[in-house]
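Scope of the values below: all heavy atoms of this structure, side chains included, with no hydrogens, waters or symmetry mates. Order of listing sets the numbers, starting from 1, for every ligand and every atom in it.
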Amino acid sequence: MNIRNYNAKEAIVFRKTTEPFGGLSNMASGYALYINEVIIPSSEHLYQAMRYPTNPEIQFEIINQDNAMKAKMISNKYKAQFSRPDWEKIQIKVMRWALEIKLAQNWDKFSTILKETQNKSIVEYATDNKIWGAKPINNDELVGVNALGRLLMELREKYISENNRIFCVNPPDVPALLLYNQHIDIICDDMIIDYHNESLLEDSLV
Ligand SMILES: Nc1nc(O)c(N)c(N[C@@H]2O[C@H](COP(=O)(O)O)[C@@H](O)[C@H]2O)n1
């Protein structure tokens with residue numbers, strides 16, 4: 001992905017999870033995920049766990065951290081030795097997928113925040129991050145790959161602008177997508193589907 005420039009005054013720039021658009025961050029709490037009967041506290045926990053498909057004990061340690069920043073720190077501790085070797089090639093696909101699951105399983109809250117970004121550029125403020133965010137070069141401008149912001153804009157375009165509620169998420173096209181030694185397949189939120197079916201049934205009874 002190439003480097004881009006963003007006008008800081010016109011973009012939605014998020015940094016801390018406590019800010020109004022903090023829910024856009026993978027570090028935000030309150031956006032739990034559910035995959036293969038495992039509750040995963042945040043998209044960051046999921047993303048980091050996917051680095052270690054053949055090390056379920058590392059995945060367990062990551063997933064059981066009580067906040068996302070700790071999950072990232074645990075992952076940092078292991079990555080030099082145990083990260084899957086193709087991680088840099090697949091990490092964007094894994095992040096796109098993790099964000100889709102975050103949206104599918106937290107539709108009301110996450111779609112509302114995405115809607116509130118209107119059609120503005122979304123930028124993760126980062127001073128140290130190589131690809132996920134963009135850093136300020138003066139008061140008006142941020143520069144960086146901003147991969148997270150761009151994936152969020154992609155998500156907004158695909159599901160929010162098109163008013164296209166997401167119920168099921170296909171796995172990314174990456175080999176060995178494993179959680180605790182189990183393959184991860186398409187993920188559908190049964191409760192959401194049941195609810196949707198009930199509404200359809202009620203509609204047909206009216
Ligand atoms: N170092 C750091 N501090 C923060 O406050 C952040 N929000 C981030 N960004 C997030 O880090 C995740 C990617 O981690 P890797 O560097 O690929 O291990 C991703 O969720 C970024 O949005 N980083």
| query | Is a side-chain donor-acceptor pair under 3.5 Å present for Y52 with S75? | reply |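 Side-chain D/A pair, S75 to Y52: present.
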| Residue pair Y47 / N26, side-chain donor-acceptor N/O under 3.5 Å |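 No, no side-chain donor-acceptor pair sits under 3.5 Å.
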Could you check which of [options] puts a non-hydrogen atom nearest to [atom]?
atom: atom 14 (O) of ligand 1; options: E88, K72, R51; result: K72
atom: atom 7 (N) of ligand 1; options: Q48, E124, Q91; result: E124
atom: atom 17 (O) of ligand 1; options: Y47, W87, Y125, F14; result: Y47

| task | Report the residue from L178, L177, I101 that forms a side chain to side chain contact (heavy atoms under 4.5 Å, CB included) with I184. | result |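 Testing I184 for a side chain to side chain contact (heavy atoms under 4.5 Å, CB included) against L178, L177, I101 leaves exactly one candidate, L177.
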| field | Sole candidate of L151, L46, I90 that passes side chain to side chain contact (heavy atoms under 4.5 Å, CB included) when paired with M95 | value |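 Among L151, L46, I90, the one meeting side chain to side chain contact (heavy atoms under 4.5 Å, CB included) with M95 is L151.
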| request: Apply side-chain contact (heavy atoms from CB on, under 4.5 Å) to the pair T117 and I160, showing each step before the final yes or no. | output: CA-CA 11 Å; T117 65; I160 311 298; over 6 Å; no
| message | I'd like to know whether Q48 forms a side chain to side chain donor-acceptor pair (under 3.5 Å) with E44, so could you lay out the CA-CA distance, the side-chain angles of the two residues, the decisive distance to 0.1 Å, and finally the verdict. | response | CA-CA 6 Å; Q48 297 296 347; E44 185 69 21; 2.7 Å; yes
Atoms of ligand 1, numbered as shown, that sit under 4.0 Å from any heavy atom of [X]:
X: M95; answer: 19 (C), 20 (O)
X: L148; answer: 22 (O)
X: N26; answer: 19 (C), 20 (O), 22 (O)

Counting only nitrogen or oxygen atoms and a 3.5 angstrom limit, does [X] reach ligand 1?
X: R15; value: no
X: N76; value: no
X: S25; value: no
X: K79; value: no

| task | For the pair E100 (side chain) and R96 (backbone), establish whether a donor and an acceptor sit closer than 3.5 Å, ignoring hydrogens and angles. | result |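 No.
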| K120/M153 under side-chain contact (heavy atoms from CB on, under 4.5 Å): CA gap, chis, key distance, verdict | CA-CA 9 Å; K120 297 181 179 173; M153 288 186 267; over 6 Å; no
| Does ligand 1 have a heavy atom under 4.0 Å from the side chain of D128, from its backbone, from both, or from neither? |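 Within the 4.0 Å criterion, D128 contacts ligand 1 through side-chain atoms alone.
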| query | Counting heavy atoms only, which part of M69 comes closer than 4.0 Å to ligand 1: side chain, backbone, both or neither? | reply |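 For M69, only side-chain atoms sit under 4.0 Å from ligand 1.
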